[in-house]
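The structure appears below as structure tokens.
As a basis for the values below, the full set of heavy atoms in this structure was taken, side chains included, without hydrogen atoms, waters or symmetry mates.
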Amino acid sequence: MKVLMLGWELPPHHTGGMGIVCYQMCKQLARTGAQIEFVLPYTADFSHIDFMNINPALPDDVEQVIGGQAGSTYDSQYFEYVLGDGSTRGAAMSEHQSNFATYAARLVQMGDYDVIHAHDWLTFRAALAAKQASGLPLFVHIHSTEYDRSGGNSGNPLVREIEYIGLHLADKIFAVSQATKDTIVREYGIAPSKIEVVHNAMEFQAHELYEDVSENAFHYLERMQAHGYGVVVSAGRLTIQKGLSNLLQAFRKVVDVRSKSLLLIVGPGEQYHELIEQAAELGLSGNVIFTGHLNGTGKQWRDAFRAGNLFVMPSVSEPFGLTPFEALAQRTPALISKQTGVSEILHSVLKVDFWDLDEMANKIVSVLDHKDLEETLADEGHEELMKQSWKKPAEQVLHHYHRHAAEHRELAYV
Amino acid sequence: MSEVTQRKRAIVLYLHVHQPYRIRHYTIFDAGRTHDYFNAPEGSRENNADIVRKVAQKSYLPTNERLMRMIEHNPQFRLSLSITGTVLEQLEAYAPEVLQSFQNLVATGRVEIVAETYHHSLAFFYNRYEFESQVQMHRDIVRRLFGVTPTAFRNTELSYNNDLAYWADQAGYKAILCEGWDPVLGWRSPNFAYRPAHTENIKLLTKNYKLSDDIAFRFSNREWSEFPMTVDKFMLWTKDSWDQPLINLFMDYETFGEHQWEDSGIFDFLEHLPKAWLATPEHTFMTVTEAAEAYDAADEIDCPQTITWADTERDLTAWLGNKMQQGAIANLYGLAEMIMQSEDLSLIEDWRKLQTSDHFYYMCTKYFTDGDVHAYFSPYETPYEAYIAFMNSYHDLKYRLAEKGFSV
């Protein structure tokens, strides 16, 4: 099985969950024998990845493409082209997407591929160009839609248009959750039978797990815990989709009944300043701590999860949501909104409707006040996490590859 | 004061000298580990030594040199200075030659030092006991470095209300300074000495903001219809109030060379001012206490609300206008009792350095989008960075208290 995979990011240069999912899924697919050509929109050192070929999509006269800054994968992004003579020039998102498409269309004709697999709208123009050039079966993989990213609104019409065309012309759609499948059916008018739910998994390497016993980077939080403080952590992009504004309101209620409570908010995003002001307006200046951007593969990032007594993902709309896995990996219990894809598969976590501020506060206080609850959730959650594997999701994907590849071959011989 | 002096018109030039201890990029990872909030690495925007040395070269040294010449060449020239404790400390450490030049000025006997809080804080509005401690600390350092005891008072950012005047009167000051703000003065002119409501002895001197700001803010503004400003033009404007005794020119000392750069001609303006003014025999200069003693109060001024010399609102909103600022300062003063009980001098001093009003000014979101004067004076990229660095320092203070067994 030879796959042309079109992605937008891979660790460690990732800003969202999509990069991690692509990496882990491809690794499992490769284990089962799939040969993967992975096309990325930027150049970087990927010598640590040996299970697939990685191709940066280079326009003709360009030697190197330097990607946009952190936190921008889903926003408008800016690329820098390094030309043959060493000079550089900037390229806007639309120009680079178009070059990416030209590259993909050329590459697909040079290899003996069986399928094309594209991740999210950013790669859809390239996916369609490749399909048009080759006629191969196209799988589009939906990690999030514009509907989700705009917090349940219509979002950017141009992005929606690209999503719409990609979804309609795809031979099969993989959705990361049932909720995402429902969204695609409802918002984009796609037949349910064309969509397969492939839940994400998350596999950790030993050094990423709780066994890390070195001193926590958040020394202050650890010490304040010793003085009776409870620490709540939330991490991710600070966008409307993530529902942090609700968490702040719920946290006001928490502090009202339990003044020794701290909330650590990790991450960059367009709501950064807005949330700082909101925390101050709620009188939470002394209780809410903002770190800004932390490297998603670094120790500080993991330590943020490790430092919390509870991790909260209050998302308004979350197709999947990998961060609870990261919390459980550090044996930190998780409270997640029911409006997340991951809540379909995780059981040893607390769940709440994102709008139910009283219940959110109630559950936070319960965990902070009751060590036995915290420990039970941590142990059970960790155990559940350790059972996570890409084996089943990868089998699902392969199954559909084979079916569509076979159909395609039959059609070709007719 | 003789009868002759009393009939003379006087310019009261009062300059305010201040530098805060700017907080470095202090992160949550530093909290609980290092307590060096004010120790930015060399070359960074918040490095206090760099800033003090830069301002010394651009403003303090060249201005003091001219002030000294003005004193030497004009027997009637005098002025008043307020110099905060936080800048005096930094001058001692990073630019002793500047401190020496201030000492030389004061030694002439024609430069009055005005009292204020050591830390340039807003303590008066949050903690009266702490406020008085800081005024005492300032008194002590002025005595140690200049050998004089202040007799006039000004509060941080020229903030003023009836309560402050009452306090200063009770404390024995002869003069107190405030903005000559129209809503407070009403029909009155700022060019007289006044009696603050409910006081017995103290006199109130009000800033002539029109003429002061012509120098401090508008001097180099090419959009200004009066640009370029000259000494002759300025003298003409002073004639509008020919029958009034005082012209209170109150401004930041850093106007000279830092806010208005040397190439604007500000130094020449300053140096030529005394000669032009004193060319008229009925003119003189006075320090603030001299002016308060020379003239009777023309009327009583009632000011229940707090006014300052900042922005078009002349209130405290540049420091306490948004919730970040209010939260930050309320949390800081909330630690007061434990901090004092700790008897840990370095902890107390760090807490006091965090009270400096500049920290709250950097968090100002008023006009943030215009990138105006507030942004110019901030070493931080945004008000939010300023807030985060401040609150992380606050968390570390809490940590230090907790480690000492306080229930924070």
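- Along residues 216-223 of chain A, the residues that come nearer than 4.5 angstrom to chain B, judged on non-hydrogen atoms, are Asn216(A), Ala217(A), Phe218(A), His219(A), Tyr220(A), Arg223(A) in order of number.
- The two residues Val408(B) and Met224(A) come nearest to each other via the heavy atoms CG2-CE, 3.6 Å.
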Using the rule given for side-chain contact (heavy atoms from CB on, under 4.5 Å), can you reason through Lys398(B) versus His227(A), listing the C-alpha separation, both sets of side-chain angles and the distance that settles it, and then say yes or no?
CA-CA 11 Å; Lys398(B) 263 177 97 164; His227(A) 293 294; over 6 Å; no
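- There is no contact between Leu275(A) and chain B, counting heavy-atom distances below 4.5 Å.
- The structure places CD of Glu277(A) at 3.5 Å from OH of Tyr384(B), a figure rounded to the nearest 0.5 Å.
- Both the backbone and the side chain of Ala31(B) come within contact range of chain A, each with at least one heavy atom under 4.5 Å from a heavy atom of that chain.
- Heavy atoms of Leu282(A) lying under 4.5 Å from chain B are absent altogether.
- For the atom pair CG of Asn322(B) and CD1 of Ile276(A), the computed distance is 11.0 Å after rounding to the nearest 0.5 Å.
- If you take CD on Glu215(A) and CZ on Arg33(B), they are separated by 4.5 Å, rounding to the nearest 0.5 Å.
- Looking at Tyr394(B), only its side chain comes within 4.5 Å of chain A, counting heavy atoms on both sides.
- Here His395(B) is the residue among Gln325(B), Met324(B), His395(B) with the most heavy-atom pairs under 4.5 Å with chain A.
- To the nearest 0.5 Å, atom CG of residue Leu264(A) and atom CD1 of residue Ile28(B) are 7.0 Å apart.
- Rounding to the nearest 0.5 Å gives a distance of 12.0 Å between NZ of Lys323(B) and CG of Leu284(A).
- Between the side chains of Ser285(A) and Tyr387(B), at least one donor-acceptor pair of N or O atoms lies under 3.5 Å.
- Heavy atoms of other residues, nucleotides or ligands lying less than 6.0 angstrom from CD of Glu337(B) number 12 at most.
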